[in-house]
A.B. asks: 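Sending over a structure as structure tokens; questions will come in a sec.
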Number of protein chains: 2
Amino acid sequence: MSEARVLVLDADPLPRLERLTGRAVVRHSDEQSLARLLPDADVLLVWDFTSDAVREAWPGPGARPRWVHTASAGVDRLLFPELLASDTVLTNARGVFDRPIAEYVAGLVLAMAKDFRHSWNVQRERRWQHRETEKVFGSRAVVVGSGPIGRRIGTTLRALGVTVDLVGRTAREADADFGRVHAGGDLPALLPTADWVVCAAPLTPQTEGMFDAAAFALMKPTARFLNVGRGGHVVEDDLVAALRAGRLAGAALDVFAEEPLPADSPLWDLPELIVSPHMSGDTHGWRDDLADQFQDNFDRWLAGEPLANVVDKRLGYVPAEG
Amino acid sequence: MSEARVLVLDADPLPRLERLTGRAVVRHSDEQSLARLLPDADVLLVWDFTSDAVREAWPGPGARPRWVHTASAGVDRLLFPELLASDTVLTNARGVFDRPIAEYVAGLVLAMAKDFRHSWNVQRERRWQHRETEKVFGSRAVVVGSGPIGRRIGTTLRALGVTVDLVGRTAREADADFGRVHAGGDLPALLPTADWVVCAAPLTPQTEGMFDAAAFALMKPTARFLNVGRGGHVVEDDLVAALRAGRLAGAALDVFAEEPLPADSPLWDLPELIVSPHMSGDTHGWRDDLADQFQDNFDRWLAGEPLANVVDKRLGYVPAEG
């Protein structure tokens, strides 16, 4: 077998792919040269997972990569009709971000309950201002997204004494971790019960814009909304309106319709909105973890074994085993 | 039996003691009138647990309250020689603050690992500044204090994937929750191993000033120190010096040698120090929880039953059962 031709859609810093040495010809591409280089690639590593260039550069009839791997959990940018219709296999970074994102969400929940932001503001003013804060133990959360990230968020919150309802695409009884997993259609009945609503779903046509004025209106005025999914899950104007009207007590967004969030966005300085720059899953070493995961899958590919983390392109995510 | 005479050393707001109606004569005192009223009291409720007035007002030979209850976990302000030598029973608020403080500590740990303070600072500047943060899972903590607060902190951190060493006064094998509880003398060997050092100990002559330059020098330069015990556990100047010299990565203090922290204290604006106004345990309803706990004990007292949460005055805390 001739050496595999691996094309990397670059982002800075580049992936460390030492284990491919001598086993693959690795070429690097930016967005501009992708259309030219793609027909010669066996494998495309979408290292710049924020790019929409793959869709634009995808070859017409004829040669195309047989395998596309994206260094992200979400594959929404790759669910375009030509890739869906092709027999190209799509894999993702399922597993790398579960614990980091769950820790990030748990931290936000605790920080909001304990009012850290206010404390740190008055610390800057050298003011001693004792307040009472909220118990997290005994509160209720609805976590939307029953993939590994949503599940890990759920079990982490549960370890803090939070009662968690997990919502997936379809209902499931006798789930090993949660007993019952609710269907998306159950969400209107669940939202009014929640102190915390966490979005960790894949972005698909079914979930796009699901957090809109109607959804926020169903939440308790004391509830808080957290999004670590994709910006497209939220109708941002509706969230701004709900927060301004006090129909919702607070929110934390790590993802946005447009990233980086434009400097003139009203989201930056709503008092009860925490903004972070799409970093909830990015702990030290995450890029090496992502490169390792790709190289592990490359080993399987060379050996002719089934790839890990194969995305069901109709669903838009990797289905659960079993 | 004539009605019990309960004296309350007041703090604002006053305790709700409805359940004492018809069963006790409740009088209220400020610091100034305490010396005059104390000899007539059967029971003293130290509602203002930040006051040192009990020590000053304690009666000489003769009448004194038979029972003193403090609405705090720490009893350090009440461990003066005359009360120690008396047969007055001392009880405390053991149990009310365990979960709230453990949540507060877990929130601080996650907030420091995820660099929330920096994120919120750049949010105010409308700047999108992606960074990598720390994993909490897989880190190590040393928790000093093996009472219910320290134990709950330990189990809560452990639920986040942190390896926890718990340090008490004396070593203990086969502890139900932690396997081994370390003795205070083991601390120098443990400090170099910890990413997180949490003080939740009672303040006693043995623990006073235990976090000094020598202790900070043993910690990793990447470690962070959290104090939810008492201000007296920490030599504050030594902590300031360690933080300024970068010998310690960060700290969070909820308690201080002088409270409220004076406006001119250097602690307010060290970049890597989080200051909060002695509120880690104070969740909504905490005062009612404290009043209920006292009234439950008053029921026992009237019935001639053993009181709950009796402090071992030689040790300075309520010893563990069994």
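Chain naming here is simple, since letters A, B, ... match the order of the sequence lines and numbering starts at 1 in each.
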A.B. asks: Evaluate the side-chain contact (heavy atoms from CB on, under 4.5 Å) criterion for residues B:Val275 and A:Arg124: first the C-alpha distance (whole Å), next the side-chain angles of each, then the deciding distance (0.1 Å), finally the verdict.
C.D. replies: CA-CA 10 Å; B:Val275 165; A:Arg124 277 203 312 278; over 6 Å; no

A.B. asks: Is any side-chain heavy atom of A:Asp282 closer than 4.5 Å to a side-chain heavy atom of B:Thr133?
C.D. replies: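 A side-chain contact is absent here, since even the closest heavy-atom pair is not under 4.5 Å.
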
A.B. asks: Using 0.5 Å steps for rounding, measure from the NZ atom of B:Lys135 to the OH atom of A:Tyr104.
C.D. replies: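 Reported to 0.5 Å precision, the distance equals 15.5 Å.
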
A.B. asks: Has the side chain of B:Gln123 got a donor or acceptor atom that lies under 3.5 Å from a matching backbone atom of A:Leu273?
C.D. replies: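 Yes, the answer is positive, given that a donor and an acceptor are paired below the 3.5 Å cut-off.
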
A.B. asks: Heavy-atom distance under 4.5 Å between the side chains of A:Arg127 and B:Pro277, does that happen here?
C.D. replies: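 Not in contact.
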
A.B. asks: Where on A:Leu108 is there a heavy atom nearer than 4.5 Å to chain B: the side chain, the backbone, both, or neither?
C.D. replies: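 The answer is both parts of A:Leu108.
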
A.B. asks: To the nearest 0.5 Å, tell me how far B:Asp254 CG sits from A:Ser119 OG.
C.D. replies: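 Spacing of CG (B:Asp254) from OG (A:Ser119) equals 8.5 Å.
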
A.B. asks: I'd like to know if the side chain of A:Glu132 reaches the main chain of B:Arg287, judged simply by a donor and an acceptor atom lying under 3.5 Å from each other, with no hydrogens or angles considered.
C.D. replies: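 Not a single qualifying donor-acceptor pair exists.
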
A.B. asks: Would you say the side chain of A:Trp120 lies within less than 4.5 Å of the side chain of B:Trp120, judging by non-hydrogen atoms?
C.D. replies: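 They are in contact (side-chain heavy atoms under 4.5 Å apart), so the answer is yes.
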
A.B. asks: Who wins among B:Arg99, B:Glu134, B:Glu125 for the most heavy-atom pairs under 4.5 Å with chain A?
C.D. replies: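 So the answer, after comparing B:Arg99, B:Glu134, B:Glu125, is B:Arg99.
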
A.B. asks: Taking side chain as everything from C-beta outward and backbone as N, CA, C, O, which of these in B:Arg117 sits under 4.5 Å from a heavy atom of chain A? Side chain, backbone, both or neither.
C.D. replies: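 For B:Arg117, heavy atoms of backbone and side chain both lie under 4.5 Å from chain A.
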
A.B. asks: Which answer fits A:Ser280, side chain, backbone, both or neither, if we ask what part of it has an atom under 4.5 Å from a heavy atom of chain B?
C.D. replies: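 Neither; nothing under 4.5 Å.
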
A.B. asks: Identify which of A:Glu259, A:Lys114, A:Glu103, A:Arg131 forms the greatest number of heavy-atom pairs closer than 4.5 Å to chain B.
C.D. replies: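 The option with the most such pairs is A:Glu103.
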
A.B. asks: Say you draw a straight line from CZ of B:Phe137 to CG of A:Asp98; how long is it, rounded to the nearest 0.5 Å?
C.D. replies: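 Atom-to-atom, B:Phe137:CZ and A:Asp98:CG are 11.0 Å apart.
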
A.B. asks: Can you check whether B:Trp268's main-chain N or O pairs, donor with acceptor, with A:Arg126's side chain at less than 3.5 Å?
C.D. replies: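 Side chain of A:Arg126 to backbone of B:Trp268: no pair is present.
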
A.B. asks: To the nearest 0.5 Å, how far apart are CG in B:Leu160 and CG in A:Leu110?
C.D. replies: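 So the gap between those two atoms works out to 8.0 Å.
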
A.B. asks: Looking at B:Gln129, B:His278, B:Met279, B:His284, which one has more heavy-atom pairs under 4.5 Å with chain A than the rest?
C.D. replies: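 The answer is B:His284.
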
